[in-house]
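Shown next, in structure tokens, is the structure this report addresses.
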Amino acid sequence: MTRTAYLDYLKPALLFTLIALAATLRAVPAPAAGTETLTVAGGCFWCVESDFESVPGVIGAVSGFTGGSVSNPTYDQVTKGGTGHYEAVQITFDPARVSRETLLNMFFRSVDPTDAGGQFCDRGDSYRTAIFVSNAGEKALAEQAKKEAQRALGQNVVTPILKAGTFYPAEAYHQDYYKGNKLILTRFGPKRQHNAYKAYRKACGRDARVKQLWGSDAPFAGS
């Protein structure tokens, strides 16, 4: 095969490779410059996502799973147990508008950090609280926020501070569940998704327990 013929043979394969690479890059959005992430587990990830997306300076929150041993777990796998994953939320924020310290303090005051068996009506390992950190600085801030929460409550705070691992986004129907308008059948009868979310949150006792623990310091109770 001549050099010219060989180059002509390579061109279609090279073009295909470049097209595939471009498609891949489009499918994986790059993090915005100047933003940071905070990953926490606080029971039902719908509720944590709803709470933190209301905070000025938070750009968005994604419901998902982390802390376990199974790659790309499904919601059913995680809730049945055995994967080691927590239901978690990855919060993206602008540190120029809201600090990590503020978000950590808000997190502790939006959950029951004294409960080692789950959160509110949701029981089991996947519903436990946790904070996931990537470096020594993040760990120090999380430990300080935990100490402050324990001092404020006068009770033992059991929320662990864990090394961050892979975060797996949950299925699409879990994202922004609290805002959905789809008509679904629930134990409360047919409801629009956002109304079903409100009914679940109230029935689960989340806000009532948080208010009982934190009083006026609870940032989201009743939202």
Side-chain angles (χ1 to χ4, degrees), residues 35-63 86-124 126-133 137-162 176-180 188 191 193-223:
T35 62
E36 296 182 14
T37 60
L38 169 64
T39 302
V40 295
C44 168
F45 49 24
W46 299 339
C47 298
V48 179
E49 182 184 358
S50 168
D51 287 345
F52 280 90
E53 286 193 336
S54 71
V55 177
V58 169
I59 297 164
V62 176
S63 291
Y86 292 75
E87 276 199 18
V89 173
Q90 191 169 81
I91 302 161
T92 300
F93 63 99
D94 179 354
R97 298 181 60 200
V98 62
S99 68
R100 184 177 297 271
E101 296 95 317
T102 295
L103 294 176
L104 286 166
N105 287 329
M106 293 177 83
F107 168 70
F108 274 113
R109 288 157 181 77
S110 68
V111 295
D112 179 356
T114 69
D115 188 347
Q119 285 291 284
F120 318 108
C121 68
D122 294 316
R123 313 311 301 166
S126 65
Y127 293 108
R128 293 170 298 165
T129 61
I131 298 169
F132 300 89
V133 297
E138 290 182 6
K139 183 178 180 181
L141 291 174
E143 288 177 341
Q144 181 60 36
K146 182 175 178 176
K147 287 179 183 177
E148 290 178 1
Q150 187 157 296
R151 177 179 51 77
L153 278 181
Q155 300 181 51
N156 185 40
V157 169
V158 299
T159 303
I161 299 166
L162 305 174
D176 290 325
Y177 188 91
Y178 71 100
K179 294 191 289 189
F188 311 105
K191 286 184 177 292
Q193 195 168 298
H194 59 277
N195 289 326
Y197 162 76
K198 291 177 182 177
Y200 153 76
R201 182 168 180 146
K202 182 176 181 180
C204 199
R206 187 181 189 100
D207 294 324
R209 176 57 176 157
V210 169
K211 284 180 179 177
Q212 181 186 41
L213 274 175
W214 294 104
S216 60
D217 287 337
F220 305 118
S223 60

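Sequential numbering from 1 along the given sequence is applied to the chain's residues.
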What's the shortest heavy-atom distance between [X] and [Y], and which atoms?
X	Y	value
Pro95	Glu36	CG-OE2, 3.6 Å
Thr159	Pro113	OG1-CB, 3.4 Å
Pro219	Met106	CG-O, 3.8 Å
Lys139	Ile161	CG-CG2, 4.4 Å
Ala88	Thr39	CB-CG2, 4.3 Å
Phe52	Leu103	CE2-O, 3.8 Å

State whether the side chain of [X] and the backbone N or O of [Y] hold a donor-acceptor pair below 3.5 Å, judged by distance alone.
X	Y	answer
Arg123	Phe120	yes
Arg209	Gly205	no
Glu49	Asp176	yes
His194	Tyr178	no
Trp214	Val111	yes
Gln119	Asp112	yes

Check your understanding: If you measure from CG on Leu38 to CD on Glu138, what distance do you get to the nearest 0.5 Å?
Key -> 8.0 Å
Taking C-beta and beyond as the side chain, do [X] and [Y] meet within less than 4.5 Å on heavy atoms?
X	Y	answer
Gln150	Asn156	yes
Phe107	Asn105	no
Phe108	Thr129	no
Arg97	Pro56	yes
Tyr200	Cys47	yes
Asp207	Lys202	no

Review point. Stepwise, does the side chain to side chain contact (heavy atoms under 4.5 Å, CB included) test hold for Glu87 with Val48?
Key: CA-CA 10 Å; Glu87 276 199 18; Val48 179; over 6 Å; no
Check your understanding: Does a side chain donor of either Gln90 or Thr37 reach within less than 3.5 Å of an acceptor in the other side chain?
Key -> no
Review point. Checking side chain to side chain contact (heavy atoms under 4.5 Å, CB included) for the pair Gln155/Leu213: CA distance, chi angles, key distance, verdict?
Key: CA-CA 10 Å; Gln155 300 181 51; Leu213 274 175; 3.8 Å; yes
Check your understanding: How about Cys121 and Cys204, are their SG atoms within less than 2.5 Å of each other?
Key -> yes
Practice item. Determine the interplanar angle of the Phe132 and Tyr86 rings, folded into 0 to 90°, and report it as parallel if under 30°, tilted if 30 to 60°, perpendicular if over 60°. Key: perpendicular
Review point. Does the salt bridge (charged side-chain N to carboxylate O under 4.0 Å, His left out) test come out yes or no for Arg201 and Asp51, once each step is laid out?
Key: CA-CA 12 Å; Arg201 182 168 180 146; Asp51 287 345; 3.0 Å; yes
